[in-house]
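To keep things clear, I will list the structure first and then write my remarks on it.
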Amino acid sequence: MAKTPQAIRGTQDIFGADAEAFAFVLETFERVRKLYRFRRAEMPVFEKTEVFARSIGETTDIVSKEMYSFEDRGGESLTLRPEFTAGIARAFMSNGWQQHAPLKLATHGPLFRYERPQKGRYRQFHQIDAEILGAAEPQADVELLAMADQLLKELGIKGVTLHLNTLGDGDSREAWRAALVDHFRAVKSELSEDSQERLEKNPLRILDSKDRRDQKFVADAPKIDQFLSDDARAFFDAVTSGLDAAGVKWTRAESLVRGLDYYRHTAFEFIPDEGSEAASKLGSQSTILGGGRYDGLMESLGGAPTPAVGWAAGIERLAMLVGEKSDPASDLIVVVEDDDRIAEAFGVLKRARSEGFTAEMISGGSPRKRYDKAVKRAPKVILSLQRDMGHSVSHDNLDEPVLSAITAYS
RNA sequence: GCGAUCGUAGCUCAGUUGGUUAGAGCGCCGGUUUGUGGUACCGGAGGUCGCGGGUUCGAACCCCGUCGAUCGCCCCA
């Protein structure tokens, strides 16, 4: 006997209540993105490796270690998409979507990262994603965040706050970065081992270190505000005042950073409040929706400079927060207590479904136990077809609309 | 890549200092009871105790390895 194959590490089979919650997230996203007039797009799940390598920057070990890359038969290196943004940027450039700018896009689907699975983190996971391409003005950031905020509210997720920061424009960002390196280099030997390494590779990341030894130096580290140009400051002010006007609550998060160089200005994450139910459900993977402005990305992919801003959110994480979504009960269950009446049951089912009612049949197992099975599934109406052409209809509500589909039996 | 915990029926779990034929609940199948009925009872199928070595007269239990899961660290586009 062949051994039963196992699922790939970090993949999941989603079913039942989890699948219902997953679907609920998608349905809500689809509804809300229409309210904000974001247009749907579908992208390939794989691209030439360079699409992601160049967007992410070849330096980090993300490229070498964390991506699912492989060679196709022509010897070209391809990669399963680890994020949406790079592929969308590529599509924007290769299809001439500049003509639609400013272009508001929404998409969703599976993404792949070669990581150690843990709570809320899988190798194949799923995100919803929203981007505004070719929009330089801060209103775009506000629009995007207002949609995110409304989405979370409509999902019924509570105890989550928008953490907001600015990375400034290119010059501000560089000046800040240099000041941070100076600041931390001065105390290098007192930093955690991890942060000593970050100092060389990704100094901004020291700011969100979890290590106690780093925290005191983080507290008095230089702030981006000292380095903001007038334009950058005005941009951030426009974003925050726009959020206030749109009724989106936010909090300033001076340590919230993005490691990659193409990020400019706004960076944000929706994070559960400490001690909240949402926080405990998510474990250490706390960000449920994150994004920012990436004005420098298109250039690094060889295109014309194109301002853009976007966010993505993990569907699995959102699904963990939306509460129990059980499979909904059917409107009608037809119980066949006499096997000679199966054909009749099919007729009834066809009628009910044509009229838009959910309906199913129970005709298996011991005839005496079929009715009980139907009762356990708690449908709105049970029609049982019994021996000798008898029947019964049971329901709690005389006005139940589905009764109209089975008038012959009422 | 690193660490901790875990791995017994389809599911949730018991399994006593290692001791004979490995258990329960739920679910599933069949039957009895009820007969407009979500009840109760009886019976049944289903497990080489993740896998491979080792210690022992004897291992689900102890040791080593391996695979997998969970949670955390690193990373987080």
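Chain letters run A, B, ... following the sequence lines, proteins first, then strands; residues in each count from 1.
Residue A:Gln6 places no side-chain N or O under 4.0 Å from the OP1 or OP2 atom of B:G68. OP1 or OP2 of B:C73 lies within a sub-4.0 Å distance of a side-chain N or O belonging to A:Lys210. One finds no side-chain N or O of A:Ser394 lying less than 4.0 angstrom from the OP1 or OP2 phosphate oxygen of B:U36. Contact annotation: A:Ser284 reaches the phosphate of B:C73 (side-chain N/O to OP1 or OP2, under 4.0 Å). Checking the phosphate oxygens (OP1, OP2) of B:C71, no side-chain nitrogen or oxygen of A:Arg116 falls inside 4.0 Å. Contact annotation: A:Arg9 reaches the phosphate of B:A69 (side-chain N/O to OP1 or OP2, under 4.0 Å).
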Quick one: which protein N/O atoms are closer than 3.5 Å to N/O atoms of nucleotides 33-35 of chain B? Pair and distance per line, please.
residue : atom : partner  : partner atom : Å
B:U34   : O4   : A:Arg368 : NH2          : 3.2
B:G35   : O6   : A:Arg368 : NH2          : 2.0

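Taking atom C1' in both B:U55 and B:G3, the straight-line distance is 28 Å, to the nearest Å. Between B:A69 and B:C26, the two P atoms lie 31 Å apart (nearest whole Å). The separation of B:U34 from B:C11, taken at their P atoms, amounts to 37 Å, rounded to a whole angstrom. Nucleotides B:G68 and B:C57, compared at atom P, are 35 Å apart to the nearest Å. Comparing B:U66 with B:G19, their P atoms sit 28 Å apart, to the nearest whole Å. Atom name C1', nucleotides B:G23 and B:U16: the rounded distance is 13 Å, in whole Å. A gap of 10 Å separates the P atoms of B:A9 and B:C51, to the nearest Å. Here the separation of B:G58 from B:U20, taken at their C1' atoms, is 10 Å to the nearest Å.
For A:Asp13, the CG atom counts as loosely surrounded, since its 6.0 Å shell holds 12 or fewer non-hydrogen atoms of other residues, nucleotides or ligands.
Distance from the side chain of A:Tyr371 is smallest to B:G37 among B:G37, B:C73, B:G27. In this structure, the nucleotide among B:C73, B:G38, B:C75 sitting nearest to the side chain of A:Val375 is B:G38.
Residue A:Tyr263 is in sugar-phosphate contact alone, with no base atom involved, counting any heavy-atom pair closer than 4.0 Å across all strands shown. Note on A:His391: a base of the nucleic acid sits closer than 4.0 angstrom, heavy atoms only. Heavy atoms of A:Arg198 sit under 4.0 angstrom from primed sugar atoms or phosphate atoms, though from no base atom. Within the 4.0 angstrom heavy-atom criterion, base atoms lie near A:Gln386. Counting any heavy atom pair closer than 4.0 Å across all strands shown, A:Gln285 reaches no nucleic acid atom.
Atom OG1 of residue A:Thr166 and atom CZ of residue A:Arg233 lie 9.5 Å apart, to the nearest 0.5 angstrom. Atoms CZ and CG, from A:Phe268 and A:Leu164 in turn, are 8.5 Å apart once rounded to the nearest 0.5 Å. Annotation: the span from A:Thr49 atom OG1 to A:Glu71 atom CD amounts to 9.0 Å, rounded to 0.5 Å. A distance of 5.5 Å separates CG in A:Leu204 from CZ in A:Arg173, rounded to the nearest 0.5 Å. Note that CD of A:Glu344 and CG of A:Asp338 are 9.0 Å apart. Values are rounded to the nearest 0.5 Å.
A salt bridge is defined here as a Lys NZ or Arg NE, NH1 or NH2 lying under 4.0 Å from an Asp or Glu carboxylate O, and A:Lys104 with A:Glu143 meets this definition. A salt bridge between A:Arg252 and A:Asp225 is present, with a side-chain N of the basic residue lying under 4.0 Å from a carboxylate O of the acidic one. Between A:Lys188 and A:Glu200 there is a salt bridge, with a side-chain nitrogen of the basic residue lying less than 4.0 Å from a carboxylate oxygen of the acidic one. For A:Asp339 and A:Arg370, the salt-bridge test passes: some basic side-chain N is under 4.0 Å from an acidic carboxylate O.
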**Message:** Can you build the contact string for nucleotides 43-52 of chain B? Use B for base contact, S for sugar-phosphate-only contact, and - for no protein heavy atom under 4.0 Å.
**Reply:** ----------

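Between A:Asp208 atom CG and B:C75 atom P the separation is 9 Å, expressed in whole Å. Separating the CD atom of A:Glu115 from the P atom of B:G72 is a distance of 13 Å, rounded to the nearest angstrom. Between A:Asp372 atom CG and B:U39 atom P there is a gap of 6 Å when expressed in whole angstrom units. Between A:Glu197 atom CD and B:G1 atom C1' there is a gap of 12 Å when expressed in whole angstrom units. At whole-Å resolution of the value, CZ in A:Arg123 and C1' in B:G68 are 12 Å apart. Between the P atom of B:A69 and the OH atom of A:Tyr122 lies a distance of 12 Å, rounded to the nearest Å. Remark: P of B:A69 and CD1 of A:Ile8 are 10 Å apart, rounded to the nearest angstrom. Rounded to a whole Å, the CG atom of A:Leu289 is 15 Å from the C1' atom of B:C76.
For A:Asp194 and A:Ala7, each mapped to the nucleotide of RNA chain B holding its nearest heavy atom, the one lying further toward the 5' end belongs to A:Ala7. Residue-to-nucleotide proximity on RNA chain B shows that, of A:Arg113 and A:Ser366, the 5′-proximal contact is made by A:Ser366.
Between A:Phe38 and A:Ala130, the closest heavy-atom pair is CE2-CB, 4.0 Å. Minimum interatomic distance between A:Phe84 and A:His108 (heavy atoms only, all atoms of both residues): CZ-C, 3.6 Å.
On a pure distance criterion of 3.5 Å, a polar donor-acceptor pair joins the side chain of A:Arg121 and the base of B:C75.
Between the side chains of A:Glu154 and A:Thr28, no donor-acceptor pair is found at a separation under 3.5 Å.
With hydrogens and angles ignored, the 3.5 Å screen pairs no side-chain donor or acceptor of A:Lys325 with any backbone N or O of A:Ala319. The backbone N or O of A:Arg213 sits less than 3.5 Å from a side-chain atom of A:Asp211, completing a donor-acceptor pair.
For RNA chain B, the stems formed by at least three consecutive Watson-Crick or G-U pairs, with both atom-pair distances below 3.5 Å, span B:1-7 with B:67-73, B:10-13 with B:23-26, B:28-32 with B:40-44, B:50-54 with B:62-66.
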